[in-house]
Amino acid sequence: METEEGAVLMEQKQEQRQKKKVMVALDESDTSFYALKWTLDNLIIKGVSQDSDMVTLVHVQHSFQTSIVPLGPAGAALYTPSSIADSVKKAQQENSAAIVSRALKMCDEKMVKAESLILEGDAKDMICKATEQMQVDLVVVGSRGLGKIKRALLGSVSYYCAHHAKCPILIVKPPKEIDK
């Protein structure tokens, strides 16, 4: 009799459970893909039913700025030719598509519902804005393991998001063999 009651309680808890909206920030690093793998293995309720969790894969590519370089006191300037700008933008788009495609494949293999989002701008700002706009429940980012000096000089997306995101953030540290 107790096992029947336990089973009924478990069923009721599953019905009451709301699906989670988890955002995983990705770049080309192994640490970000480790964070995705960890999320898929440990946080997400798998399946393709209506009640399964949703993962949003977000990749932010840097904005490409055309350069204006002053050439001397006469005020002459050198501009980046549009053909070069177009070439750089195309390469960025292809790189972003490859990153997102790899991540979507990982989600498919684990039978997890996923959507992707490619943004342009500063990664830390764009991730925080996207979490607020999409009302996600959790943001997952990988950690590169920067020391204090490198973090101060280079900046840390995970550190910034931990202090500015409007939802909980999980920073996944990779095992030692990936952490480089």
Side-chain angles (χ1 to χ4, degrees), residues 7 9-63 92-146 150-151 154-180:
L9 285 174
M10 289 294 285
E11 234 177 88
Q12 288 174 348
K13 284 185 180 181
Q14 286 287 17
E15 288 174 9
Q16 293 173 351
R17 180 190 174 281
Q18 293 183 357
K19 59 184 174 181
K20 292 186 295 266
K21 288 173 66 177
V22 177
M23 179 180 284
V24 180
L26 298 166
D27 59 17
E28 62 278 345
S29 71
D30 289 339
T31 56
S32 71
F33 281 93
Y34 177 80
L36 174 60
K37 180 185 179 320
W38 191 92
T39 301
L40 296 174
D41 291 343
N42 296 289
L43 288 181
I44 303 301
I45 302 297
K46 297 163 180 60
V48 290
S49 71
Q50 295 286 63
D51 298 331
S52 60
D53 295 332
M54 172 62 82
V55 175
T56 300
L57 307 167
V58 64
H59 172 71
V60 182
Q61 61 188 21
H62 296 286
S63 296
Q92 283 182 322
Q93 290 169 348
E94 289 172 358
N95 184 49
S96 296
I99 290 168
V100 169
S101 176
R102 178 180 168 195
L104 285 169
K105 183 178 177 189
M106 289 173 67
C107 292
D108 284 346
E109 289 170 356
K110 298 282 185 173
M111 295 179 53
V112 172
K113 287 195 306 187
E115 62 183 359
S116 63
L117 185 60
I118 297 175
L119 304 172
E120 188 175 320
D122 183 33
K124 57 188 177 224
D125 290 328
M126 297 307 294
I127 291 167
C128 289
K129 286 178 186 175
T131 60
E132 194 170 348
Q133 289 174 351
M134 298 180 71
Q135 299 177 343
V136 298
D137 299 312
L138 177 69
V139 178
V140 180
V141 294
S143 172
R144 292 187 296 173
L146 297 178
K150 283 186 180 179
R151 187 171 53 239
L154 300 174
S156 169
V157 172
S158 59
Y159 182 84
Y160 183 89
C161 290
H163 290 86
H164 294 90
K166 302 286 187 209
C167 67
I169 180 165
L170 175 65
I171 301 171
V172 178
K173 289 188 82 168
K176 292 289 183 195
E177 62 268 10
I178 295 178
D179 192 13
K180 290 184 179 173

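Because the structure is predicted, anything quoted here is derived from the model rather than measured.
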*Asks:* Do Val22 and Thr39 touch side chain to side chain, with heavy atoms closer than 4.5 Å?
*Replies:* yes
*Asks:* Just by modelled atom types, is the Leu43 backbone N or O under 3.5 Å from a matching donor or acceptor in the Lys20 side chain?
*Replies:* yes
*Asks:* Would you check if Ile118 and Val100 make a side-chain contact, meaning some heavy-atom pair closer than 4.5 Å?
*Replies:* yes
*Asks:* Between atom CG of Asp125 and atom CD1 of Ile127, what is the distance when rounded to the nearest 0.5 Å?
*Replies:*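 Nearest 0.5 Å value for the CG-CD1 distance: 9.5 Å.
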*Asks:* From Leu170 CG over to Met23 CE, what is the distance, rounded to the nearest 0.5 angstrom?
*Replies:*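 It is 14.5 Å, given to the nearest 0.5 Å.
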*Asks:* Can you find a pair of side-chain heavy atoms, one from Trp38 and one from Val140, that are under 4.5 Å apart?
*Replies:* no
*Asks:* Starting at CE of Met54, measure out to SG of Cys107 and round the result to the nearest 0.5 Å.
*Replies:*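 Result: 10.0 Å between the selected atoms.
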*Asks:* After noting the C-alpha distance and the side-chain angles of Lys129 and Met134, does the key distance pass the side-chain contact (heavy atoms from CB on, under 4.5 Å) rule?
*Replies:* CA-CA 9 Å; Lys129 286 178 186 175; Met134 298 180 71; over 6 Å; no
*Asks:* Mind checking the SG-CD1 spacing from Cys128 to Ile169? Nearest 0.5 Å is all I need.
*Replies:*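 If we round to the nearest 0.5 Å, Cys128:SG and Ile169:CD1 are 7.0 Å apart.
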*Asks:* State, with a plain yes or no, whether a side-chain heavy atom of Val141 is found less than 4.5 Å away from one of Val172.
*Replies:* no
*Asks:* Flag the pair Met106 / Leu36 as yes when at least one side-chain heavy-atom distance between them is below 4.5 Å, and no otherwise.
*Replies:*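 Yes, side chains in contact.
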*Asks:* Taking Ser32 for its side chain and Asp27 for its backbone only, find out whether a donor-acceptor pair lies under 3.5 Å.
*Replies:*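 Answer holds: yes.
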*Asks:* Under a 4.5 Å cut-off applied to non-hydrogen side-chain atoms, are Pro175 and Tyr34 in contact?
*Replies:* yes
*Asks:* Classify the angle between the aromatic ring planes of His164 and Tyr160 as parallel (below 30°), tilted (30 to 60°) or perpendicular (above 60°).
*Replies:* parallel
*Asks:* Quick check: does any side chain N or O of Asp137 sit under 3.5 Å from a backbone N or O of Lys21, one acting as donor and the other as acceptor?
*Replies:*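 The answer is yes, because a donor-acceptor pair under 3.5 Å joins these two groups.
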*Asks:* For Ala130 versus Leu119, what's the shortest heavy-atom pair and its separation?
*Replies:*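 Smallest heavy-atom distance, with atoms named: CB-CD1, 4.0 Å.
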*Asks:* Do other residues, nucleotides or ligands put more than 12 heavy atoms under 6.0 Å from Glu109 CD?
*Replies:*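 Count over threshold, so yes.
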*Asks:* Find the distance between NE2 (His62) and OG (Ser96) and round it off to the nearest 0.5 Å.
*Replies:* 9.5 Å
*Asks:* Report yes if the side chains of Ser143 and Thr31 come closer than 4.5 Å at any heavy-atom pair, otherwise no.
*Replies:* no
*Asks:* What distance separates Lys124 NZ from Tyr159 OH, expressed to the nearest 0.5 Å?
*Replies:* 11.5 Å
*Asks:* Between Gln92 (side chain only) and Gln61 (backbone N and O only), is there a donor and an acceptor less than 3.5 Å apart?
*Replies:* no
*Asks:* Tell me whether His59 contacts the main-chain N or O of Leu26 through its side chain, where contact means a donor paired with an acceptor under 3.5 Å.
*Replies:*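 Pair found, side chain donor or acceptor close to backbone of Leu26.
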*Asks:* Could you go step by step and tell me if Val24 and Val58 meet the side-chain contact (heavy atoms from CB on, under 4.5 Å) rule?
*Replies:* CA-CA 6 Å; Val24 180; Val58 64; over 6 Å; no
